[in-house]
Asker: 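Structure below; questions to follow.
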Amino acid sequence: MRAAIFISGCRHYCKGCFSPKTWSFDYGEPFTLEREAEIIHDIKHNPLLSGLTILGGDPFFSAAEVCGFIDRLVAEAGPLSIWIYTGYTLEELIEHPGSPEYELLRRCEVLVDGRFVEELRDPSLLYRGSSNQRLIDIQPSLQQGQAVLWEPRFTF
Amino acid sequence: MAWVSQTYTGRDTLLDEVIRMGEEIVQSRNLEVLRENANLNGESFSGKMSKFGSEYSKWYASHFVLPTRLVQAIQDNIVYVHDLDQYALGTTNCIFIPFDKLLRKGFNTGNGSVRPPTSIMTAMALVAIIFQSQQNSQFGGVSANKLDFDLAPYVAKSFAKYFRKGLDYFEEGDANADLGDITMSRSDLRDQYPKAFNYALKETKSETFQAAESLIHNLNTMSSRAGGQIPFTSINYGTCTSPEGQLVIDSLLTATMRGLGHGETPIFPIQIFKCKQGVNQNPGEPNYSLFLKAAECSAKRLYPNFANLDAPLNLMYYDPTDPDTEFATMGCRTRVLADRFGRNHLSGKGNLSFNTLNLVKLGLKHGIALGHRQEPDERGFYRDLTHYMNIALEGLLHRFSIQASQKAKASDFMMREGVWEGGEQLAPDDQVGELLKHGSLSIGFIGLAECMKAMYGKHHGEDEAVYQKAYDLIAYMRDYCDGQSEIHNLNITLFATPAEGLAGKFTKRDRAVYGPLPGILDREYYTNSFHIPVYYNISAARKIELEAKFHGLCNAGAISYIELNGNARNNPEAFLKIVQYALQQQVSYFSINHPIDRCSACGFEGIIGASCPSCGSHENEVHIRRLRRVTGYLTGDYQTRFNPAKQAEVRDRVKHDA
């Protein structure tokens, strides 16, 4: 079970988006320091959590701010598994090492990448909406400079 | 005897009541009455026929049989007598069946005698028949508390047969040779006769699986109670570590996951996996892989639930050499373990009856919610509570005197075959009282959350100080039960009532008096027992922590639930983590609710909103079967089978996020 944070603001405007109201950068509640502290406290004190998932919007449109939040979270709650969703592809995100987007990616464990393509929608897919999207194991992908797919480690 | 209300005095009024009763049943007018029990189709012919019996029986009992004070307490809407239709008859509630004994000795159904089985296929078929034969002896559930242990010997019998056959076919040895007890753990036989041994293993696995599959089908198809009701069966398993026992568990889980004919989730039996440290809780323990499989099955099919043998109240009676001392449940949650007359095991006894207290009404009378006072009147509350517990107990004792005076032949199969321990020694006309005393009489409660709200303005999930008050209240009720057990020399226990037919009844009447008070009476139901309200936003871990402490108090049984919103099938890791967290917090009996919807157009199972995510069919065009759990039992389709109050409760269930 994971904590989920939706970061408002997205300019991909995918047709059939599950939550178009989060395209606006003004949607939702302000991500203030107090709110951040509350969320960090909740995550830290929840014994059932296996990690954090960041969705949107698209968090990569607010990459620098999200990086700051992750750093505070890890400093206070210790290292944890972070999954992140984006409409960008891995290849786009790793084009400029050192960019805020690259820095955000570097802090996470698994990336679900790619725009939602309505024609490719498939509700049977694990953790994603359309078949062009991928579950990417970020750390080995960064080392090898190409996408390494994530494999579930726990199956029934 | 029990003429309390002025309105009952005239004979004309009585006659009017009887006539109206009939009309409501014939014309399907009163949905609360018809759907009182989620597993009974009250609109079917046989359902209506049984309603005629039960409605009259209730009417008769409340006018002519019940103690006057009890009738008054019912009219006050503070005490509820469960299964009132069985009160005057002296029927008892439920039982754990000693399948080992019945299968070993054979039994008589009343129409004919049955020999002991010599294969697992026949043994499982007989399990269904025993459930069916027993269930009309009582009104409540029938449960197997250790089905893996009970059936393991018959897996061995099948194995031995195949092994001897194999010796002959493969010409490995003499099929009639004296080889001692032939079992699946005989590695010497495996080494000496590998072909016959492997053949026997394969055939036995296949037979056990087919037997399990037919057992589950049988228990979903035997409509042997009126109204298309199938027996309320429960099976507990998980701790037998012989290869034969493990095969029984594995086969039951596989068969459950495969589902019924079209892959539907089986409604019966309720399945309970017994969790025990050292046996099945950690990697390396003999049945750990079966525990994982149980979690997988539960994520797919809502069953099994999880029983915690390590919770202190269960562990204190645990004897590792006697599986009959392992905590198990009657599915809905009923627990009978301790017996002041020494039968500290499960099979051969059960609960006799229970009465439930409406805590909310007492809270309203003595709390701040109605604006009559600034400070809650706790002394008044406890005085009143004790008064009504005395009445509830008086009712239980009075009912017990009726039950105890019944002849053995009235419960037929149960006594004749010794399903109730010792029954086989009674002559048909002997009274059963001496044996029934091993069963339990329970006082239940409902609406602790709304009671706290009425008393203090907050419920026990909202405020630490209120939580302490809530805990003290339930602890007081438990002390009361313990004290009365000493006084009356009977097993009197405290029950976290399953609120099946009761969920809306108390509320409807209280609301008519007090109006829709926010947080107390603005919903159609009261919160189950000590649960944190289903509509209250709280994390799963916190809900478990808060409810866990109450489990230790409710020695007649309790259950805690977590509601998951996601499709639990896709998240085995979370599922396991939650289950093990609950066990670690000493929750005695636990289960995870998650929606299972099934599209009748394409067969997709998962979460379905208005439209099926797989084929796009809309719920207005095709039937979406929505399976939900009520009081521990699953029911096929909650929108047509749940009563209105329970439907409202399901609608309001907040999912417990991280």
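In what follows, chains are A, B, ... by sequence order, proteins preceding strands, each numbered from 1.
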Asker: Testing A/N46, A/D42, A/L48, A/L49 one by one against B/S539 for a side chain to side chain contact (heavy atoms under 4.5 Å, CB included), which residue passes?
Answerer: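 When side chain to side chain contact (heavy atoms under 4.5 Å, CB included) is applied between B/S539 and each of A/N46, A/D42, A/L48, A/L49, only A/N46 qualifies.
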Asker: For A/H41, I'd like to know if atom NE2 has over 12 heavy atoms of other residues, nucleotides or ligands within 6.0 Å.
Answerer: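 At most 12 heavy atoms, drawn from other residues, nucleotides or ligands, come within 6.0 Å of this atom.
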Asker: At a 4.5 Å cut-off on heavy atoms, which part of A/L126 comes close to chain B: side chain, backbone, both, or neither?
Answerer: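 The side chain, not the backbone.
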Asker: Can you say whether B/E545 sits under 4.5 Å from chain A via the side chain, the backbone, both, or neither, judging by heavy atoms?
Answerer: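 Looking at B/E545, just its side chain touches chain A.
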Asker: Can you establish whether the number of heavy atoms outside B/E464 located under 6.0 Å from its atom CD is more than 12?
Answerer: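 Check fails, neighbour count at 12 or below.
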Asker: Where is the tightest heavy-atom contact between B/A574 and A/M1, given as atom of each residue plus distance?
Answerer: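 Minimum heavy-atom separation between B/A574 and A/M1: CB-N, 3.2 Å.
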Asker: Applying ring pair (Phe, Tyr, Trp, His ring centres under 6.0 Å) as the test, list every pair that has at least one member in residues 125-144 of chain A; sequence neighbours left out.
Answerer: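 Output for this query lists A/W83-A/Y127.
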Asker: Just how far is it from atom CZ of B/R542 to atom NE2 of A/H45, taken to the nearest 0.5 Å?
Answerer: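 One gets 11.5 Å once the value is rounded to the nearest 0.5 Å.
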Asker: Side-chain donor-acceptor contacts of residues 249-257 of chain B below 3.5 Å, not counting sequence neighbours, with atom names and distances?
Answerer:
residue : atom : partner : partner atom : Å
B/D250  : OD1  : B/K293  : NZ           : 2.9
B/S251  : OG   : B/L247  : O            : 2.7
B/T254  : OG1  : B/D250  : O            : 2.8
B/T254  : OG1  : B/K293  : NZ           : 2.7
B/T256  : OG1  : B/L252  : O            : 2.6
B/T256  : OG1  : B/Q271  : OE1          : 3.4
B/T256  : OG1  : B/Q271  : NE2          : 2.8

Asker: Which residues from residues 54-73 of chain A are near chain B, with near meaning under 4.5 Å between non-hydrogen atoms?
Answerer: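 Against chain B, none of the residues of residues 54-73 of chain A fall inside the cut-off of heavy atoms under 4.5 Å.
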Asker: Tell me every residue that passes side chain to side chain contact (heavy atoms under 4.5 Å, CB included) with A/R121, counting only those two or more places apart in sequence or in another chain.
Answerer: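 Side chain to side chain contact (heavy atoms under 4.5 Å, CB included) list for A/R121, sorted by chain: A/F116, A/P123, B/P613.
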